[in-house]
Amino acid sequence: MSPAVTARAWQRMLSGRRLDLLDPSPLDVEISDIAHGLARVARWNGQTRGDHAFSVAQHCLVVEEIFRRCNEACTADALQMTMLHDAPEYVIGDMISPFKSVVGGGYKAVEQRLEAAIHLRFGLPPHPTRELKALIKKADTIAAFFEATELAGFSVTEARKFFGQPRGITADMLPIQPMPALNAQQLFLDRFHQIEAERAASGKAP
């Protein structure tokens with residue numbers, strides 16, 4: 001009888017790290033891997049207008065811009081958790097909301113473990129507070145409205161039904177035109193490091 005083969009539950013990263021999806025360690029998390037992966041994961045399953053996919057990395061930049069405009073007194077920690085709100089998708093991809101509801105709790109459990117590992121790697125709380133999570137979700141929903149209407153073929157009426165009508169934010173305020181993966185990757189890294197500098201100045205960065 002042949003020995004049982006254990007299913008592989010880890011992914012090799014370009015940095016050389018080996019990240020275990022079932023038990024992710026903060027020591028195996030690198031911002032270079034996150035930026036590289038997110039810049040190559042398409043939002044809306046790639047069903048967006050333009051010569052380039054609208055990546056999760058670019059989406060994170062849009063959400064952080066909205067969050068900052070709507071929460072001027074927020075801390076650098078809050079900004080960084082906003083930048084990293086979809087960071088687990090560098091490993092598990094961007095699953096559209098309708099499919100998440102089909103898959104159920106298993107996906108969420110993996111996502112939560114990855115979020116905790118990523119946050120701890122950068123000296124952040126494992127998860128945002130309920131209040132901060134709600135504020136990030138609000139910024140994410142505003143981003144979704146503009147992505148839907150500007151890129152994904154939704155009418156304004158249809159987008160209002162699913163995402164509500166944004167107030168105080170307009171599309172021209174946001175970096176929403178799809179860009180090449182390398183550009184999105186670099187801009188994501190640049191903004192991450194800008195926020196880290198702010199955290200260091202406040203004594204919060206590791």
Exercise. Name the orientation class of the two ring planes belonging to Phe154 and Phe163 (parallel below 30°, tilted from 30 to 60°, perpendicular beyond 60°).
Key: tilted

Quiz item: Where do Arg17 and Gln11 land on the side chain to side chain donor-acceptor pair (under 3.5 Å) test, with the steps shown first?
Solution: CA-CA 8 Å; Arg17 297 289 188 184; Gln11 180 172 344; over 6 Å; no

Roughly how far, to the nearest 0.5 Å, is the [atom2] atom of [Y] from the [atom1] atom of [X]?
X     : Y      : atom1 : atom2 : answer
Met13 : Tyr90  : CE    : OH    : 4.5 Å
Ile31 : Leu38  : CD1   : CG    : 8.0 Å
Cys60 : Asp140 : SG    : CG    : 8.5 Å
His59 : Leu151 : NE2   : CG    : 12.0 Å

Practice problem: Report yes if the side chains of Phe192 and Ile34 come closer than 4.5 Å at any heavy-atom pair, otherwise no. | Solution: no

Quiz item: With side chains defined as the heavy atoms from C-beta onward, is the minimum distance between Thr75 and Gln80 less than 4.5 Å?
Solution: no

Can you name the nearest heavy-atom pair linking [X] to [Y], along with the distance?
X      : Y      : value
His119 : Pro125 : ND1-O, 2.9 Å
Leu19  : Ser25  : CD1-O, 4.1 Å
Leu79  : Cys74  : CD2-SG, 3.5 Å

Exercise. Among Ile142, Thr141, Ile66, find the one that has a side chain to side chain contact (heavy atoms under 4.5 Å, CB included) with Pro166.
Key: Ile142

Main-chain N/O of [Y] paired with [X] side-chain donor or acceptor, under 3.5 Å:
X      : Y      : result
Asp20  : Asp23  : yes
His36  : Asp33  : no
Glu115 : Ala87  : no
Arg18  : Trp10  : no
Arg12  : Gly16  : yes
Arg199 : Phe122 : yes
His52  : Met179 : no

Quiz item: Taking NZ, NE, NH1 and NH2 as the nitrogens, is one of them in Arg68 or Glu72 under 4.0 Å from a carboxylate oxygen of the other?
Solution: no

Quiz prompt | Any residue meeting salt bridge (Lys or Arg N to Asp or Glu O under 4.0 Å) with Arg49, in chain and number order, not counting sequence neighbours | solution = none

Quiz item: What pairs of residues pass the side chain to side chain donor-acceptor pair (under 3.5 Å) test when at least one of them lies in residues 153-162, not counting sequence neighbours?
Solution: Arg160-Gln165

Quiz prompt | From CA spacing to verdict: side chain to side chain donor-acceptor pair (under 3.5 Å), Gln186, Asp190 | solution = CA-CA 6 Å; Gln186 190 58 56; Asp190 290 346; 2.8 Å; yes

